[in-house]
Amino acid sequence: MSGRMFVLADADSFYASCERVFHPELARRPLVVLSNNDGCVVSRSREAKLLGISNGTPWFKIRGQAQHDGVIARSSNYELYASLSRRMMRLMAAALPGQEIYSIDECFLRGFQDPQRTRIVCTRMRETVLQGIGIPLTIATAPTRTLAKIVSHYIKHQGGGIGDWDLLRSQEPDVLDRIDVSEVWGVGRRLTRKLQGMSITTAGDLARADPSRIRHLFSVLLQRTVLELQGIPSIELDDFDAIDGTRKQQLMCSRMFGQPITGLPDLSAAVSTYAQQASIRLRKQGSLAGMVTVFIATSPFNQDYQSRSGSIILTDPADDPLTIARAAVGTLPRMIDPHARYVRAGVMLGALTDAASYTTFDGMDAKRDNGLGTILDQANRKFGLQSVGIGWAGMKGKGRARQETGAAWNMKRHHLSNRGTTRWDELAVAKAR
DNA sequence: TCTGGGGTCCTAGGACCC
DNA sequence: TCTGGGGTCCTAGGACCC
């Protein structure tokens, strides 16, 4: 091997671990974190996993049993998780080179030529993050990212810690044959079914497949996965900060409603809100949108499920919230079914271009002349997200903090913890006696 | 009663051009 | 009047990830 070792650092039960940072009494208790609207389980502490609760389970289906078992539930608190994630990532970036943030709770880093040295640094990095942030990590090293993912899965099953591919393989030469093909990074449900039909059922089977045949039958993506399983690095990530640095090619803001809504007025308010949210992120990354797409959908769990979407091309690419919200709301009249009970809507901004380099033929700036977006952004920074907006009729704050409006369709978050690192009024309180 | 919210990349196929 | 084949661009849809 060339010594280009990949290090994968992945937090254990990240959201659940975050909830414990300011609530040490939750340690060793079974704990689950729920998705928006308190819908599904999205993170489980080790104790909750041992109770047999799986990810993605609808909370309403297991609530009775779970509460009987002493399981504690929390609504997801992304503000807290994002803040802890940033701190954790900074500590890791200081320990090893080449950080690529892959998701809120995991990143790839580069190891050193000397595996011994890499191991020592990884051990120290794990202790630093545990002591400094309070988040336990699993750290895996391997010659490819896909193998690092395999190692990480494997040692998480053993309770976490640190693991290395070469070491693991020398101890258990047939380890890939004992891992289901569906657990391989890049192999989802559909591919699993198709592969099984070809008698490829384990990671070992896939590693022994002929890459060019796989490319023929599937795609270049799966071919790369095969090569990676064979120890040949083939997958590149955009090595930008995936959480706040990158310029996205498409921005979406969508939500399930707290309860179904019917009719144009409510739907317009929701879509307008999401459009303004999306435009905030658009301005933050310095882009203009050339297209606005809106989708609305009823519940996919009902017989009469319907989902509609409609787009509007902006002849002058825009980033100001008025233009974008108006375009988004404008798609609704021709899509809406006046009797349907909608449970979800979303706004997508596409055909993004760089605002700084965009000029029209006569050299004037595009639709960003009134400065309203900038004022809104400043107000939102100062007074909290969503404190100011357009078309918020009848949505005065009833929630705990300013940004929680009283609209019926707003998210349900009945088990929300404090945002102790980003809100002064929700700081943790320590008492000394 | 009650089932998340973002993203990315690839491929196939149509439109158009020479 | 007749018309092949290849390149490129775009979009919709599929599949995956956390």
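Convention: sequence-line order gives letters A, B, ...; per-chain numbering from 1. Bear in mind the structure is a predicted one, so any value in this text is a computation, not a measurement.
If you measure from atom CE of A/M256 to atom P of B/dG6, you get 12 Å, rounded to the nearest angstrom. What separates CG of A/L416 from C1' of B/dG4 is a distance of 15 Å, to the nearest Å. Atom CZ in A/R341 sits roughly 12 Å away from atom C1' in B/dC2 (whole-Å rounding). Taking atom OH on A/Y102 and atom P on B/dC9, their separation rounds to 11 Å, with Å as the unit. Nucleotide B/dG6 holds its P atom 15 Å from the CG atom of A/L352, rounded to whole Å. With rounding to whole Å, A/F108 atom CZ is found 12 Å from C/dC18 atom C1'. One atom, CE of A/M348, and another, C1' of B/dG5, lie 12 Å apart when rounded to the nearest Å. Whole-Å rounding puts the A/E228 CD to C/dC17 P distance at 14 Å.
A/T138 and A/D10 share no donor-acceptor pair across their side chains, judged by distance under 3.5 Å alone.
Residue A/N302 is the one, among A/N302 and A/C253, whose nearest nucleotide of DNA chain B lies closer to the 5' end (criterion: closest heavy atom). Between A/R281 and A/Y15, the residue whose closest nucleotide on DNA chain B is further toward the 5' end is A/Y15.
Listed for the A/D320 side chain is a donor-acceptor partner under 3.5 Å among the backbone atoms of A/L322. Proximity of a side-chain donor or acceptor of A/Y154 to a complementary backbone N or O of A/G163 within less than 3.5 Å is not detected. For A/E106 (side chain) and A/L8 (main-chain N/O), no donor-acceptor pair under 3.5 Å exists by modelled atom type. At least one donor-acceptor pair closer than 3.5 Å links the side chain of A/S234 to the backbone N or O of A/I232. Judged by distance alone, the side chain of A/S76 and the main-chain N or O of A/Y78 form no donor-acceptor pair under 3.5 Å.
What you find for A/C253 and A/Q277 is that their closest heavy atoms are SG-CB, 3.7 Å.
Seen from the ring of A/F108, A/R145 counts as a face-on cation partner, given the 6.0 Å and 45° thresholds.
Pairs of Watson-Crick or G-U wobble type, with distances under 3.5 Å, assemble into runs of 3 or more in DNA chain B at these ranges: B:5-18 with C:5-18.
Distances from the side chain of A/L251 to the nucleotides B/dC10, B/dG7, C/dC18 place B/dG7 closest. Among B/dG4, B/dT8, C/dC16, the nucleotide with an atom closest to any side-chain atom of A/K248 is B/dT8. Candidate nucleotides B/dG6, C/dC18, B/dC9 were compared by shortest atom distance to the side chain of A/Q249, and B/dC9 ranks first.
C/dT3 and B/dC17 have their C1' atoms separated by 15 Å, with the value rounded to a whole Å. Atom C1' of C/dC18 sits at a distance of 24 Å from the matching atom of B/dC2, rounded to the whole Å.
Between A/K149 and the phosphate of C/dC18, there is a side-chain N or O to OP1/OP2 separation shorter than 4.0 Å. For the OP1/OP2 pair of B/dT3 and a distance below 4.0 Å, the side-chain nitrogens and oxygens of A/R344 include no atom meeting the criterion.
Across all strands shown, A/K194 has no heavy atoms under 4.0 Å from either base or sugar-phosphate atoms. At a threshold of 4.0 angstrom between heavy atoms, the contacts of A/Q259 with the nucleic acid are absent. Counting any heavy atom pair closer than 4.0 Å across all strands shown, A/R224 reaches sugar-phosphate atoms only and no base atom. Contact annotation for A/V184: backbone-only contact, meaning every heavy-atom pair under 4.0 Å involves sugar-phosphate atoms and none involves a base.
The aromatic ring of A/W185 does not sit over the base of C/dC17, since the test of centres under 5.5 Å and planes under 30° is not met.
With ring centers used as reference points, A/W185 lies under 6.0 Å from A/Y102.
Using a 4.0 Å cutoff on non-hydrogen atoms, the parts of residues 201-222 of chain A near DNA chain B are A/S219, A/V220, A/L221, ordered by number. In the region residues 33-70 of chain A, proximity to DNA chain C at under 4.0 angstrom, judged on heavy atoms, holds for none of the residues.
The environment of A/R110 atom CZ is dense: over 12 non-hydrogen atoms of other residues, nucleotides or ligands sit within 6.0 angstrom. Other residues, nucleotides and ligands contribute over 12 non-hydrogen atoms within 6.0 Å of the CZ atom of A/R281.
Salt-bridge check for A/R413 with A/E79: failed, with every basic side-chain N at 4.0 Å or more from each acidic carboxylate O. Looking at A/D12 and A/R46, no side-chain N of the basic residue comes within less than 4.0 Å of a carboxylate O on the acidic one, giving no salt bridge.
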